[in-house]
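None of the values given here were measured: they were computed from a predicted structure. Here is the naming used below: chain letters follow the sequence lines, and residue numbers restart at 1 for every chain.
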Number of protein chains: 2
Amino acid sequence: MTASRALNGTGHIARATEERIQIIAEKYKYRPNLLIRGVQTGRTMNIGVIFPADLGFYTNVLEGLHDELLASNYSIQLSLIHQHLGEHAIRQEHQQILRLLDLRVDGIILRPVNDDASDLYFKEVFERNIPLVTIDRKLENVHCDALGTNDFKAGQQAAEYLITKGHRNILLAATGDIVSTGRERRNGFLSSAEKVKGVHVSIINETDFKHHENEARNALTSHPEITAAFCVTDILAAGLYNTALKLGIRIPKDLSVLGFGNLGMGPYLNPPLSTFDQHPAKIGKAAAQLLVKRINSTSEKKRAQQKTISADILERQSVRNINSHETPR
Amino acid sequence: MTASRALNGTGHIARATEERIQIIAEKYKYRPNLLIRGVQTGRTMNIGVIFPADLGFYTNVLEGLHDELLASNYSIQLSLIHQHLGEHAIRQEHQQILRLLDLRVDGIILRPVNDDASDLYFKEVFERNIPLVTIDRKLENVHCDALGTNDFKAGQQAAEYLITKGHRNILLAATGDIVSTGRERRNGFLSSAEKVKGVHVSIINETDFKHHENEARNALTSHPEITAAFCVTDILAAGLYNTALKLGIRIPKDLSVLGFGNLGMGPYLNPPLSTFDQHPAKIGKAAAQLLVKRINSTSEKKRAQQKTISADILERQSVRNINSHETPR
DNA sequence: TTGTAAGCGTTATCAT
DNA sequence: ATGATAACGCTTACAA
């Protein structure tokens, strides 16, 4: 017992005893057994993290998460889920959650597979009072903290930005209603665009990316008045670059393109893609902070918080200002 | 005790008892405490993984690792190290290794910060007989399993490929001697190129990527006879695209470019970059297999294995065949 | 086939 | 300030 106190620096202890014990510990290379400490204290200082197997954007979220958790002396128990497996992915996710619980993690950070999970799906988590923070998905029927981008606002910013640059006929490449993030960006964009007279938006709204190229070609050829496009993700923007190239449409001279997500290919496209930076590391950091706070809060009653990090535009060279006085030619 | 046997399906037990216990377990929603099981059995079924914080290439290694480990019922304890912090990174790494040990992981998979660690650096790991597999770095003075790309061979493949395509004056963009992977690719390339008469290699050999653009410009202007370049990493290849653009050199008409690593920007470059696929998921999978085998092997005496995954060329559109009969103009 | 006893390494609690 | 005791939940070893 005295040894425990000396090594952890907890409680009253004589300086001399403390030093003596520390010396002995060093001599015998004592190392604590964190498993048993976890059992005993009820806190493992281990956080479960569940992300899509194809990390992409989440690598940086993970990095932010990791750094912040490490700063609070937490480790990360990582699970990856292959998202494309449909129902099987959901089963996998649930199983991994149970495993993390069995491992006695102190909290869970999760980018859920599907948007419409309910409290019931997470019942084991709640029963054990393990704090849960979701990333990038607001689960309507789940009462837990959530963290993500303010996608609606970002969509608004996109519209305002392109309109400010003089564009009035704009293509909106969106991804349907299934994924909440893309849906919000689209809705935000439309809400802002509608407020400005003389602005016309052509919209592609396909969940399947394969359909986008065709639709984009149709839109651009039948509406030559379009001078700008907002793509709800950089992947669509990159696709649009190809379509434009095939049609002989030059970016940004003939068509301005604004992407979303700063997904890594942006700087390598020609011209470099202007896009939204979601600050993924900040998202991770904030999620970790929320979780740690929740773990340490004795009053379990605090309502679920939905925190949001603002994305902002990273200007590169794919958007042109077409206001007459700025482009005199 | 009987319950333990029934729930784990281990040992002799009456069918009736087993079922009765399982029903009770279900009724009370019994879940095992994996911490205590780990303490008791000496196996936590948890593997420590330490990767660079800036995962990049390692995201896919991690994915392969994860899937293979999961198949063997292992979880992952993840640590990230910020590589650019020099000595501090090494301290961090060491601390994380100790932490994983305290957490009683059954094995460790590590992409080490530095190439010249010795057995001493890992002494705590060896003392506890925890298997260690390194990724992408052959530590000369450490007796542990290692997994990576066969970089020397890949370098040879690169030379042979470009030579087969008719190139005789080739630029080799390399990264000095510090990082073993790049060094091996360079040496492999040179070893194959030297064997063929009439082949001349101009070499840039700078660790700092910033110097590459200048050097490349010099090389290309003073040696207009150069028709191809092999870049030891895609990042250098992307840089070379820019340099070429500035100099009015067209790819692949005037200059063929072959990259390395398939780092993600390749398909988005113009023209799409031909490069080496290192099959990172396979590397992860093989590393996991090696580790699991090592964990299960009772005879600890088996010598360290160095397994290697062959990289191969992913042909896109940045390398041109300039043999006269194929390009009649 | 089932059950008993001991022990894993630590901390909480209470006593000295 | 220090120490004794119990407890955490499980499995190994052995007994019945």
**Student:** Under 4.0 angstrom, heavy atoms only, what part of the nucleic acid is A:Thr10 near: base, sugar-phosphate, or nothing?
**Tutor:**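 The residue A:Thr10 makes no contact with any strand.
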**Student:** Tabulated below should be each protein N or O lying under 3.5 Å from an N or O of nucleotides 14-16 of chain D; please produce it.
**Tutor:**
none

**Student:** Taking ring pair (Phe, Tyr, Trp, His ring centres under 6.0 Å) as the definition, give me every residue that meets it alongside B:His143, ordered by chain and number, with sequence neighbours left out.
**Tutor:**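 Applying ring pair (Phe, Tyr, Trp, His ring centres under 6.0 Å) to B:His143 gives none.
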**Student:** Would A:Leu139 and A:Asp119 satisfy side-chain contact (heavy atoms from CB on, under 4.5 Å), going step by step from the backbone distance to the final call?
**Tutor:** CA-CA 9 Å; A:Leu139 302 178; A:Asp119 270 356; over 6 Å; no
**Student:** Reading DNA chain C 5' to 3', which nucleotide is the first, and which the last, to come under 4.0 Å of any heavy atom in chain B?
**Tutor:**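 Span of nucleotides near chain B: C:dT1 to C:dC8.
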**Student:** Between A:Asp177 and A:Arg183, is there a salt bridge with N-O shorter than 4.0 Å?
**Tutor:**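 No, this pair does not count.
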**Student:** Could you tell me the separation between the CD1 atom of B:Ile23 and the CD atom of B:Glu18, rounded to the nearest 0.5 Å?
**Tutor:**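 Between B:Ile23 CD1 and B:Glu18 CD, I get 11.0 Å after rounding to 0.5 Å.
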**Student:** B:Ile97 versus B:Leu132: any side-chain heavy-atom pair under 4.5 Å?
**Tutor:**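 Heavy-atom side-chain distance check fails, nothing below 4.5 Å.
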**Student:** Give a yes or no on whether a salt bridge exists between B:Glu124 and A:Arg31, defined as a side-chain N under 4.0 angstrom from a carboxylate O.
**Tutor:**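 No.
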**Student:** Bend across the helix from C:dT1-D:dA16 to C:dT16-D:dA1, to 10°, with axes taken over 5 pairs at each end?
**Tutor:**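 Axis-to-axis angle, ends of the helix: 40°.
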**Student:** Which pairs count as ring-ring contact (aromatic ring centres under 6.0 Å, His included) when at least one residue sits in residues 3-43 of chain B, sequence neighbours excluded?
**Tutor:**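 Output for this query is empty, none listed.
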**Student:** Taking only residues two or more places apart in sequence, or in another chain, which ones meet B:His88 in a ring pair (Phe, Tyr, Trp, His ring centres under 6.0 Å)?
**Tutor:**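 By the ring pair (Phe, Tyr, Trp, His ring centres under 6.0 Å) rule, B:His88 matches no residue at all.
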**Student:** For A:Tyr74, enumerate each residue passing the ring pair (Phe, Tyr, Trp, His ring centres under 6.0 Å) test, keeping only those at least two apart in sequence or located in another chain.
**Tutor:**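 In terms of ring pair (Phe, Tyr, Trp, His ring centres under 6.0 Å), with neighbours along the sequence ignored, A:Tyr74 is linked to no residue.
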**Student:** Under the ring-ring contact (aromatic ring centres under 6.0 Å, His included) rule, what pairs show up with a residue in residues 96-118 of chain A, not counting sequence neighbours?
**Tutor:**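 The answer is none; no pair qualifies.
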**Student:** Under 4.0 Å, heavy atom to any atom of DNA chain D: which of residues 22-41 of chain A qualify?
**Tutor:**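 Only A:Val39, A:Gln40 qualify.
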**Student:** Can you check whether A:Thr2 has a side-chain N or O nearer than 4.0 Å to OP1 or OP2 of D:dG3?
**Tutor:**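 Result: yes.
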**Student:** Could you name each residue pair satisfying ring-ring contact (aromatic ring centres under 6.0 Å, His included) that touches residues 35-56 of chain A, not counting sequence neighbours?
**Tutor:**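 Pairs touching residues 35-56 of chain A that pass the test: A:Phe51-A:Tyr58.
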**Student:** Tell me, please, which residues at least two apart from B:Leu34 pass side-chain contact (heavy atoms from CB on, under 4.5 Å).
**Tutor:**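 Partners of B:Leu34 by the side-chain contact (heavy atoms from CB on, under 4.5 Å) criterion, ordered by chain and then number, come out as A:Arg99, A:Asp102, A:Leu103, B:Pro32, B:Arg37.
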**Student:** Partners of A:Tyr121 by ring pair (Phe, Tyr, Trp, His ring centres under 6.0 Å), sequence neighbours excluded?
**Tutor:**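 In terms of ring pair (Phe, Tyr, Trp, His ring centres under 6.0 Å), with neighbours along the sequence ignored, A:Tyr121 is linked to A:His94.
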